[in-house]
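Chain letters run A, B, ... following the sequence lines, proteins first and then strands; every chain starts at 1.
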Amino acid sequence: MLRDITIGQYYPAPSVLHRLDPRTKLAGTMLYLLSLFMTDSVVGYAIATVFLVSSIKLSKVPFRFIVKGLKAIIILLVLSVSFNLFLTPGEPLFEFGFIRITIEGIKTAGFMAIRLIYLVIGSSLMTLTTTPNALTDGLEKSLGFMKRFGVPVHEIAMMMSIALRFIPILVEETDKIMKAQTARGADFESGGLVKKAKAMVPLLVPLFLSAFRRAADLAMAMEARCYHGGEGRTRMRPLRYGCLDKKAYIILIIYFTAMALTNLLPW
Amino acid sequence: MNIIEARQVLFEYEQRDENDNIEEVNVALSDMNVTIEKGSFVCILGHNGSGKSTFAKLLNALQLPKEGTILISGMDTRDEEKLLSIRKTCGMVFQNPDNQIISNVVEEDVAFGPENMGVEPDEIIRRVDDALSKVGMEAYRYKSPNMLSGGQKQRVAIAGVVAMKPECIVLDEPTAMLDPSGRRDVVRTIRELNKKDGITIVHITHYMEEAVDADRVIVMDSGKVVMDDTPRKIFSRVEELKKLALGVPQITELAYELRKDGLPLPLGILTREELMQYLVPLLRRYGKGAEREDA
C-alpha cells in the first residue's frame, strides 16, 4: 500500500526536453499554465493542443505514463464538468424534468475539461522529464532574487531535496514498524476508515522518534562534511543556459504571444 | 609527525532537568592522552559506553573538550576560525550509512563535501571520479543510494570523505550495521586508502577481527585508555581483555585455548595462516605418533 506513493516520478529518456535546463522547464510550465487560463477561444485551444502534443512527442515519454497522472483528478474532473454542464444558464438545448442542458453549458464544460486535462498533463510532463534534484536546483537558482527579501531560498531547496531523499527510507521504516506491531497483535486491516486511522496512531510515535534521530545524525554528518549554509558553496554541475535553452525560450515567447493574441480575435 | 594530539582531555555529558539544573554528570572521557602519527592505521576498541564515539566526535570538532586540548595537525579544535580546515583535514564516517548520505544520486553525494568547501566545478568532477574509483563504486555513479546495499552505501560515504582530500579519516563503527560481506568490503577499502594513499585511519570498532592488521590498537574503558600497543601484544592479553568485556579474534581465542590445553603455541596468534604455520608441524609429529600407536 505504501509503496504505491511516487513523488517526483521521473522517466529517464534521451530527449531534448530532458536536456533542457530545469529553469527553462519551470518557466515554460508557468507560461503554459498561464496561457491556458488566458485564452477562451477554439483557436487558442488548438494552439495549446499543438504545443502540448509536440512537447509530448519531443519528451519521448510513453503516452500511458502521461495519462497516469490524470487518474488523480478524475473525481474533480467529473464534478466540475457536471456542475458546468447542468448549472450554466442560457439557451436550453435539452430538457428532461429538472435536468436542463444549455449550449453555453456544453461549451464551458468542454473547455473546463480540456483546461484541467491540459493543466495536469503539462505539469506532469515537467516532473517526468526533470529529476527532483534538478528541480530543486532550478527552483533555488530562479528564486535566488528572493534572498534579498530575507527568504531562505537555499535552505528551503536543501530541505526539499533532503525530504525527497528520506521519503523511501521513512516508508520502509513505517513498513517495518507496522510489521513489528502486527506481529504483536496490532490490526491495521479491518474496520472502517475511523478505526483504521486510529490504528495508525501508535505508528506515529516510533516513526517520529526515529525521524528525529535520523535528522540529528544527518545534521552532524553534514557538519562533518563542512556544510555551513549556502555561502561560499560551489556546485559540481552549475546550471548553465545552453543553445537549446535559448531556442526553447524563443519558442515559448512565440507560443505565449500567439495565445495572448487569440483573445483579440472576434470569435 | 603527529596528526592527532589529545592532551588531558576531559569530556562530560550533562543531564538537565526541566528547570535546566544539572541533574547528573556522566564523565565520558577523563584524562585522555593520545597521539596518532601521520600515515598510521589505528584501531580503537572498547565496550559500549567506553567513550570511543565521543572521542571520534571530538576529533572532528563536532564536540569540544571540557578540559584539555585536541590538536589536529597543530590546529586547536576550539579555534572557531580553524573549524573548516580541521574538518577538511580530519574527515569522518559515521555508523549508519542511511543517515549520512545527503543526496539522491551517488555522484552528487560524493560532491557534497567539496561543494561546501567551495572547490571549482571541474576540480569537483575530478575528485568525484577519483574518490569513486578508490572505493570501487564507479559503476553506481548515477544510481540512487536507496538501491545500494549497506556496504555499498558505506563505501559511498567513505568516497564522500575521500573527495574532500583529508589527511586523516575517523570511522566511527562503520561496519556495525553491515552484513559480513559488506563489512569485508568496507574494511578492505579502508586498508587500501591507508596503504596506497597514505591517509591516516582511525578505525573505531567492536569487531576484534578488524583490528588484526592495524598498526596500533588502543583499548578504551570507561573514558580512559587502558591499553595501547601493537595488535599482537594487545591480543596476547586475553584474560585482561575478557575482564573488559572484550573478546579476541576467533583464531587468537582458538590458539589461546589450545595453548591452555598444553599445545606449545605462542601467545598472540592473529591469523589463520599463522596458526596453520604452528599447527601443521605439530599435527604431523603427533599424527605420525598416533598412527604408530594404532599399528
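Under 4.0 Å is where a charged nitrogen must lie from a carboxylate oxygen, and between B:K82 and B:D76 no such pair does. Using a cut-off of 4.0 Å between Lys/Arg side-chain N and Asp/Glu carboxylate O, A:R19 and A:D245 are scored as not salt-bridged. Ion pairing between a basic and an acidic side chain is recognised when a charged N comes within 4.0 Å of a carboxylate O; A:R237 and A:D137 show no such pairing.
Interface residue B:L62: only side-chain heavy atoms are found under 4.5 Å from chain A. No part of B:I86 comes within reach of chain A, as not one of its non-hydrogen atoms sits under 4.5 angstrom from that chain. Only the side chain of B:N60 comes within less than 4.5 Å of a heavy atom in chain A; its backbone stays farther off. Using a 4.5 Å cut-off between heavy atoms, B:S103 contacts chain A through both its backbone and its side chain.
When the heavy atoms of residues 162-177 of chain B are compared with those of chain A, the residues falling under 4.5 Å are B:M164, listed by number. For residues 108-115 of chain B, a heavy-atom distance under 4.5 Å to chain A picks out B:E108, B:D109, B:V110, B:A111, B:F112, B:G113, B:P114, B:E115, given by residue number. Taking non-hydrogen atoms and a 4.5 Å limit, the residue list of residues 226-234 of chain A in contact with chain B, ordered by number, reads A:C226, A:Y227, A:H228, A:G232, A:R233, A:T234.
Options B:I101, B:V105, B:V119 differ in how many heavy-atom pairs under 4.5 Å they form with chain A, and the most are formed by B:I101. If you tally non-hydrogen atom pairs under 4.5 Å between each of A:A221, A:P168, A:A224 and chain B, the highest count goes to A:A224. Among the candidates B:D98, B:N116, B:L84, the residue making the largest number of heavy-atom pairs closer than 4.5 Å to chain A is B:N116. Of all the listed residues (B:V128, B:N96, B:N146), the one sharing the greatest number of non-hydrogen pairs under 4.5 Å with chain A is B:N146.
With hydrogens and angles disregarded, a donor-acceptor distance shorter than 3.5 Å links the side chain of B:T205 to the backbone of B:Y207. Checking side-chain atoms of A:T24 against main-chain N and O of A:L20 turns up no donor-acceptor pair under 3.5 Å. Looking only at distances, no side-chain donor or acceptor of A:T130 sits under 3.5 Å from a matching main-chain atom of A:T127. A donor-acceptor contact shorter than 3.5 Å is absent between the side chain of B:K143 and the backbone of B:V106. When atom types are taken as modelled, the side chain of B:R78 and the backbone of B:L64 share no donor-acceptor pair closer than 3.5 angstrom. In this structure, the side chain of A:D187 engages the main chain of A:E189 through a donor-acceptor pair within 3.5 Å.
For the residue pair B:C90 and B:I72, the shortest heavy atom distance occurs at CB-CG2, 3.9 Å. The minimum heavy-atom distance between A:L128 and A:H18, with the atom names listed, is O-NE2, 3.9 Å.
In this structure, the side chains of A:M158 and A:E140 stay at 4.5 Å or more apart for every pair of heavy atoms.
Side-chain N/O atoms of B:Q100 and B:Q95 include no donor and acceptor closer than 3.5 Å.
The one candidate from B:L193, B:V135, B:V93 that meets the side-chain contact (heavy atoms from CB on, under 4.5 Å) condition with B:V161 is B:V93.
In this pair, A:F149 and A:F145 present their aromatic rings perpendicular. The plane angle is above 60°, beyond the 30 to 60° band.
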Derivation and outcome, side chain to side chain donor-acceptor pair (under 3.5 Å), residues A:Y32 and A:Y118
CA-CA 9 Å; A:Y32 169 75; A:Y118 281 19; over 6 Å; no
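Remark: B:K134 engages B:D130, B:D197 in a salt bridge (Lys or Arg N to Asp or Glu O under 4.0 Å) (not counting sequence neighbours).
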